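Note that this is a predicted model, so its numbers are computed, not measured. Chain letters run A, B, ... following the sequence lines, proteins first, then strands; residues in each count from 1. Atoms considered below: every heavy atom in the structure, side chains included; atoms not considered: hydrogens, waters and symmetry mates.
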Protein chains: 2
Amino acid sequence: MDQETKELRRVGLKVTHPRMRILQIFDEEGVQHLTAEDVYKKLLGHQEDIGLATVYRVLTQFEAAGIIVKHNFEGGQAVYELDRGKHHDHMIDVDSGKVIEFVSEEIERLQHEIAARHGYVIEDHSLVLYVRPRQRVRKD
Amino acid sequence: MDQETKELRRVGLKVTHPRMRILQIFDEEGVQHLTAEDVYKKLLGHQEDIGLATVYRVLTQFEAAGIIVKHNFEGGQAVYELDRGKHHDHMIDVDSGKVIEFVSEEIERLQHEIAARHGYVIEDHSLVLYVRPRQRVRKD
DNA sequence: ATGCCTGCAAAAGCTTTGCATCCGC
DNA sequence: GCGGATGCAAAGCTTTTGCAGGCAT
């Protein structure tokens with residue numbers, strides 16, 4: 001039995017065609033951050049006849065099941081990525097739109113410290129750096 | 001000449017009734033984070049006949065002028081707050097919806113360090129902690 | 001067979017825009 | 001008076017939902 005089937009069974013979701021295809025898309029090499037629309041277009045490209053509404057429903061279920069993580073970056077559209085277990089934050093190159101992942105134990109620690117100082121525990125957090133390539137040395 | 005008029009002149013915006021009233025709402029005591037809808041409702045409460053579209057247009061102009069800052073927290077609606085000059089991040093109590101502001105020079109420093117390590121400079125950033133009140137001692 | 005899933009279309013929620021009118025300077 | 005600003009309504013976008021039929025178990 002393949003990996004995707006096992007994954008769906010594991011989280012208690014019925015193994016249906018749309019769910020399999022969508023999960024496979026996220027398992028593809030190099031795929032990282034996709035919007036619902038991105039997923040939908042990829043499905044169309046693979047000659048799949050799956051409705052956009054289903055894509056949204058499945059992504060929501062996957063998120064609830066902990067298979068994927070949803071991010072609300074700027075720009076209106078939510079982006080989803082496979083939850084590979086290790087938490088990380090994001091840096092977005094505002095010129096190219098490229099997304100870079102990073103982790104900082106130090107920042108994580110400080111966040112908890114700050115929350116605790118205010119009498120809270122962190123439930124979740126979102127850290128996004130909007131960046132621009134550092135100016136290269138002039139090439140003239 | 002009052003403070004709001006000066007502020008509008010300073011950023012080069014014509015001093016109109018809607019812009020004055022909206023700016024005054026943000027200048028009110030205790031006001032911190034408002035959605036466009038919040039601002040609109042407050043205007044209605046003050047017997048003002050200003051359209052929601054105008055509220056959006058004015059908020060957008062204020063943001064471009066640096067008078068207010070726009071945040072895209074979770075939940076679809078953008079929230080705006082007066083830009084009082086000193087940058088800060090946010091902590092949101094997911095139970096009450098309360099927003100707490102905080103600053104951490106340490107985290108700011110680490111962010112720049114991380115961006116630099118990847119060859120970038122930070123253009124902007126967003127850090128939001130979704131928190132819950134720390135569990136009181138069990139009472140059973 | 002049963003109950004969850006899906007596709008389609010419609011609706012919903014937030015924000016933007018077209019247009020005729022109005023107002024600040 | 002002129003050009004930008006506003007109100008209203010309509011449109012735009014992303015996401016959600018109702019419903020009838022379909023499919024996994």
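Across the protein-nucleic acid pair, B:Glu48 atom CD and D:dA5 atom C1' stand 16 Å apart, rounded to whole Å. Counting to the nearest Å, the P atom of C:dA9 and the CG atom of A:Asp49 are 11 Å from each other. Atom CE in B:Met20 sits roughly 10 Å away from atom P in C:dC25 (whole-Å rounding). Protein atom OH of A:Tyr40 is 14 Å distant from nucleotide atom C1' of D:dT15, rounded to whole Å. One can place CD of A:Glu37 at 14 Å from P of D:dT16, the figure rounded to the nearest angstrom. Rounded to whole Å, atom P of C:dC14 lies 14 Å from atom CG of A:Asn72. One interatomic measurement links the two molecules: CG of A:Leu34 to C1' of D:dT14, which rounds to 16 Å at whole-angstrom precision. B:Leu52 places its CG atom 9 Å from the C1' atom of C:dC14, with the value rounded to the nearest Å.
Checking D:dG7, D:dA5, D:dT15 against the side-chain heavy atoms of B:Ile50 singles out D:dG7 as nearest. Side-chain proximity of B:Lys14 to D:dG7, D:dA24, C:dC25: nearest is C:dC25. The B:Ala78 side chain lies nearest to C:dT15 when the options are C:dT15, D:dT16, D:dC8. Listed nucleotides C:dC25, C:dC5, D:dC8 differ in distance to A:Arg19; the shortest reach to its side chain belongs to C:dC5.
Mapped onto DNA chain C by nearest heavy atom, B:Thr54 and B:His17 fall at different nucleotides, with B:Thr54 at the one closer to the 5' end. Ranked by how close their nearest DNA chain C nucleotide is to the 5' end, B:Gln77 and B:Leu13 are led by B:Gln77.
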Kindly determine whether A:His88 and A:Glu81 satisfy side-chain hydrogen bond (donor to acceptor under 3.5 Å, both in side chains), including the steps that lead there.
CA-CA 11 Å; A:His88 57 258; A:Glu81 71 174 317; 3.0 Å; yes
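Ionic pairing of A:Glu4 and A:Arg19 is not present here: no N-O contact between side-chain nitrogen and carboxylate oxygen is shorter than 4.0 angstrom. The pair B:Glu105-B:Arg109 does not meet the salt-bridge criterion, since no charged nitrogen lies less than 4.0 angstrom from a carboxylate oxygen.
Checking the phosphate oxygens (OP1, OP2) of D:dT6, a side-chain nitrogen or oxygen of B:Thr16 falls inside 4.0 Å. At C:dT15, one or more side-chain N or O atoms of B:Tyr56 fall inside 4.0 Å of OP1 or OP2 (strictly under the cut-off).
Residue contacts for B:Arg57: at a heavy-atom cut-off of 4.0 Å it reaches a base atom on one of the strands shown.
In this structure, B:His112 has its ring center at least 6.0 angstrom away from the ring center of B:His125.
The aromatic rings of B:His71 and B:His90 sit perpendicular to each other, their planes meeting at more than 60°, with 30° as the lower class boundary.
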